[in-house]
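In this text the structure is predicted, and so the values were computed from the model without any measurement. Note: hydrogens, waters and symmetry copies are ignored here, and every other heavy atom, side chains too, is used.
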Amino acid sequence: MCGKISVVERGLPPAWAGKKLAGLNEPGRFWLTAVTRLGNARIVDTGIVGQEGDMVMFACATDALDALTERLASGKDH
């Protein structure tokens, strides 16, 4: 499989605060790689829970950018 990917940074919507951010991942389309919280960046693990003010970074297939935006906006995991 080959394709184009983008590294995408977004503010975490309030609907994700208090939820495990692993629910944002969709293998082959987008994957959460890092979170910046209070100015400190960290590589994520499967147990990280979102907090208001988090900035999230994803590796995202270019053709899945709209799907990532929808997942973030919905506040629901897949």
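Of all non-hydrogen atoms in Cys60 and Val8, the two that sit nearest each other are CB-CG2, 4.1 Å. What you find for Ala15 and Gly75 is that their closest heavy atoms are CB-CA, 3.8 Å. In terms of heavy-atom proximity, Met55 sits nearest to Gly11 at SD-CA, 3.6 Å.
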Chi angles and distances behind the side-chain contact (heavy atoms from CB on, under 4.5 Å) call for Thr36, Asp54: CA-CA 6 Å; Thr36 300; Asp54 284 353; over 6 Å; no

side-chain contact (heavy atoms from CB on, under 4.5 Å) between Leu24 and Leu12, intermediate numbers included: CA-CA 11 Å; Leu24 289 167; Leu12 186 70; 4.3 Å; yes

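Hydrophobic clustering, with ILVMFWY side chains joined whenever heavy atoms are under 4.5 angstrom apart, keeps Leu65 apart from Trp31.
Separating the CZ atom in Phe30 from the OG1 atom in Thr62 is a distance of 13.0 Å, to the nearest 0.5 Å. Here the OG1-CD1 distance, from Thr33 to Ile43, works out to 8.0 Å after rounding to the nearest 0.5 Å. Distance check: Arg71 CZ to Asn25 CG gives 8.5 Å after rounding to the nearest 0.5 Å. Remark: Leu68 CG to Arg10 CZ distance equals 6.0 Å, nearest 0.5 Å.
Annotation: side chain of Met57 is in contact with side chain of Val7 (closest heavy-atom distance under 4.5 Å). In this structure, Ile48 and Arg42 have side chains that are in contact, with non-hydrogen atoms separated by less than 4.5 Å. Using a 4.5 Å heavy-atom cutoff, the side chains of Val56 and Trp16 are not in contact. Considering only heavy atoms from C-beta on, Leu21 comes within 4.5 Å of Val35 through its side chain.
Taking the side-chain contact (heavy atoms from CB on, under 4.5 Å) definition, one finds that Glu52 meets it with Ala17, sequence neighbours left out.
Annotation for Asp66: atom CG does not count as buried by contact number, only 12 or fewer foreign heavy atoms lying within 6.0 Å.
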